[in-house]
Protein chains: 2
Amino acid sequence: MVGTAETTAAPAAAPPGLRERKKRRTRDTLVRAALELFTERGYERTTVDDIAAAADVSQRTFFRYFASKEEAAFFVGRLAESRFVEAVRGRPPEEAPLDALRRALAESWDGIAEAVERVVPLDLHLRFYQVIESTPALLAAHLRRSAELEERIARVVAEREGLDVDTDPRPRVVVAVFGAVVRVTERIWSVGGDASLAALREATAAHLDQVEPALTGDWRTD
Amino acid sequence: MVGTAETTAAPAAAPPGLRERKKRRTRDTLVRAALELFTERGYERTTVDDIAAAADVSQRTFFRYFASKEEAAFFVGRLAESRFVEAVRGRPPEEAPLDALRRALAESWDGIAEAVERVVPLDLHLRFYQVIESTPALLAAHLRRSAELEERIARVVAEREGLDVDTDPRPRVVVAVFGAVVRVTERIWSVGGDASLAALREATAAHLDQVEPALTGDWRTD
DNA sequence: AGGCTAGTGACAGCCACTGACAATTGACAA
DNA sequence: TTGTCAATTGTCAGTGGCTGTCACTAGCCT
């Protein structure tokens with residue numbers, strides 16, 4: 001069952017039966033309970049038993065929905081990622097790669113917020129980033145997931161440009177640069193006082209503007 | 001005891017007593033046993049008990065030397081990181097940041113190889129990168145460690161330029177970009193056939209050359 | 001030589017995670 | 001409606017990473 005959620009949703013969605021609805025409810029309850037406990041008490045100090053108890057299921061059931069404690073933590077993040085990948089796919093092919101990534105992100109925010117809200121309060125999701133940044137185990141998992149996401153996007157970019165990712169390093173390089181900036185932003189934003197989506201959005205745009213000047217390196221001429 | 005290795009070595013190294021030498025030997029034996037087992041059998045399929053048995057100590061003793069199985073895996077990598085940081089510190093301040101990083105890395109390779117050899121065969125260390133890339137848990141840990149390293153280096157760069165990392169995002173951005181390229185290189189190199197230091201060195205230089213052209217984005221004009 | 005202390009092993013226990021089996025409970029046809 | 005089948009769940013037992021505790025041994029220092 002793990003991983004077979006609606007990420008692999010059928011094209012023609014038949015009205016889900018009771019069984020399916022119940023499953024979704026359980027899953028969402030688990031995710032929400034997990035995020036609430038994590039943000040209140042911390043990731044490490046929350047046991048899977050705690051989460052299961054809060055959702056009123058057995059520990060074994062928790063692991064039938066999520067392959068690991070970590071996976072539950074990032075379930076919501078996954079929704080956001082899919083949105084972004086789709087946005088990149090939808091960009092007109094004549095845009096330069098870095099531009100396309102940038103605009104895709106800019107136009108994704110609202111859709112992401114909406115998708116997140118369908119499972120947990122947006123605010124909870126945003127506050128959870130602070131937990132990620134301050135928990136080594138979670139940060140590690142987050143970075144690995146980001147790397148995987150970058151790989152997916154690099155393939156999309158390569159396809160747009162008619163290149164082979166395994167021959168030409170440029171797609172991976174641009175995407176890596178883009179991802180690096182986004183992560184620096186997340187980090188700075190998460191320790192800053194304003195945990196709002198608007199603040200994240202603006203900080204991202206601002207930092208992306210810094211890439212060119214930062215690389216040319218005449219920092220002392222301003 | 002964990003973490004108090006010679007990273008925090010005394011300035012005037014008094015001739016180490018028997019106790020100290022024995023400790024170092026035990027630690028190195030553990031590291032070597034761990035890397036050998038990891039590369040032969042895989043990380044997950046090697047238990048801490050296996051490593052401890054191979055080094056002829058108890059499991060408890062293993063955990064007195066290393067806070068986690070993961071830490072033993074990255075002990076050698078830590079040596080390499082320190083060398084690099086020092087090399088960055090040693091670069092003349094008039095160099096542009098990205099240049100300084102690049103040259104620091106270029107001049108570090110030999111010293112790193114030497115430092116590694118003092119603990120395990122260089123070849124073993126290099127082959128271990130394949131294990132890292134193909135083991136999710138290790139990759140996650142590796143990425144987190146890289147992020148920490150980048151933070152340290154960002155501070156060095158900021159200092160060189162007389163900037164405050166918490167105010168000006170540029171130091172973190174350059175370093176992140178540099179780190180991203182290095183990681184893309186590691187990844188491609190680790191799946192490629194040639195697991196030699198020379199190959200890694202060349203691939204790194206080549207990929208760093210790609211940053212500028214990849215960002216400007218006129219990919220179809222060549 | 002003898003006390004001091006760092007290093008070690010043995011043991012017990014917590015927590016993430018997994019396999020196996022039995023009990024429930026939706027789904028669907030008779 | 002009812003009976004059957006399959007999906008979902010709970011219980012139980014076990015593995016592996018990791019930690020606290022305690023007694024014991026072995027370098028070190030006077």
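Fair warning: this is a prediction, and the values are worked out from it, not measured in the lab. Order of the sequence lines fixes the chain letters, A, B, ..., with proteins taken first and strands second; residue numbering starts at 1 for each chain. Basis for what follows: all heavy atoms, side chains included, without hydrogens, waters or symmetry-related copies.
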Participant: Rounded to the nearest angstrom, tell me the gap between atom CZ in B/Arg27 and atom C1' in C/dA6.
Facilitator: 17 Å

Participant: Any side-chain N or O of A/Lys22 under 4.0 Å from OP1/OP2 of D/dT8?
Facilitator: no

Participant: Where the side chain of A/Arg19 is defined as all heavy atoms beyond and including C-beta, which of D/dG27, C/dA27, C/dA16 is the nearest nucleotide?
Facilitator: C/dA27

Participant: Answer yes or no: does a side-chain N or O of A/Lys69 lie under 4.0 Å from OP1 or OP2 of C/dC17?
Facilitator: no

Participant: Round to the nearest Å and state the distance from B/Asp50 atom CG to D/dG17 atom C1'.
Facilitator: 13 Å

Participant: Could a donor-acceptor pair under 3.5 angstrom be found where the side chain of A/Arg60 meets the base of C/dG19?
Facilitator: yes

Participant: With distance as the sole criterion, do the side chain of A/Arg64 and the base of D/dG10 form a donor-acceptor contact below 3.5 Å?
Facilitator: yes

Participant: Atom CD of A/Glu70 and atom P of C/dC17: how far apart are they, to the nearest Å?
Facilitator: 8 Å

Participant: State plainly whether the residues A/Glu107 and A/Arg91 are in salt-bridge range, i.e. N to O under 4.0 Å.
Facilitator: yes

Participant: Round to the nearest Å and state the distance from B/Arg25 atom CZ to D/dG27 atom C1'.
Facilitator: 13 Å

Participant: Could you tell me the separation between the CZ atom of A/Phe66 and the P atom of C/dC17, rounded to a whole number of Å?
Facilitator: 12 Å

Participant: To the nearest Å, give me how far apart CZ (A/Arg21) and P (D/dT8) are.
Facilitator: 14 Å

Participant: For A/Asp49 and D/dC12, what is the distance between atoms CG and C1' respectively, to the nearest whole Å?
Facilitator: 14 Å

Participant: Using the six-membered ring wherever Trp is involved, compare the ring planes of B/Phe66 and B/Phe62 and label them parallel, tilted or perpendicular (cut-offs 30° and 60°).
Facilitator: tilted

Participant: With sugar-phosphate meaning primed atoms plus P, OP1 and OP2, does B/Ser58 contact a base, only sugar-phosphate, or nothing at under 4.0 Å between heavy atoms?
Facilitator: base

Participant: Between A/Glu20 and B/Tyr43, just flag the one whose closest nucleotide in DNA chain D comes earlier from the 5' side.
Facilitator: A/Glu20

Participant: Please determine whether a side-chain nitrogen or oxygen atom of A/Tyr65 lies at a distance below 4.0 Å from atom OP1 or OP2 of D/dT8.
Facilitator: no

Participant: Please determine if a side-chain N or O atom of B/Lys23 lies less than 4.0 Å away from the OP1 or OP2 oxygen of C/dA6.
Facilitator: no

Participant: Can you tell me how far P of C/dG7 sits from CZ of B/Arg24, to the nearest Å?
Facilitator: 12 Å

Participant: For the pair B/Arg183 and B/Glu150, find out whether any cationic side-chain nitrogen is under 4.0 Å from an anionic carboxylate oxygen.
Facilitator: yes

Participant: Aromatic rings A/Tyr129 and A/His142: how do their planes relate, parallel, tilted or perpendicular, breaks at 30° and 60°?
Facilitator: perpendicular

Participant: Does a salt bridge link B/Glu159 with B/Arg155, judged by any charged N lying under 4.0 Å from a carboxylate O?
Facilitator: no

Participant: Both A/Asp56 and B/Gln59 contact DNA chain D. Taking the nearest nucleotide for each, which residue is further toward the 5' end?
Facilitator: A/Asp56

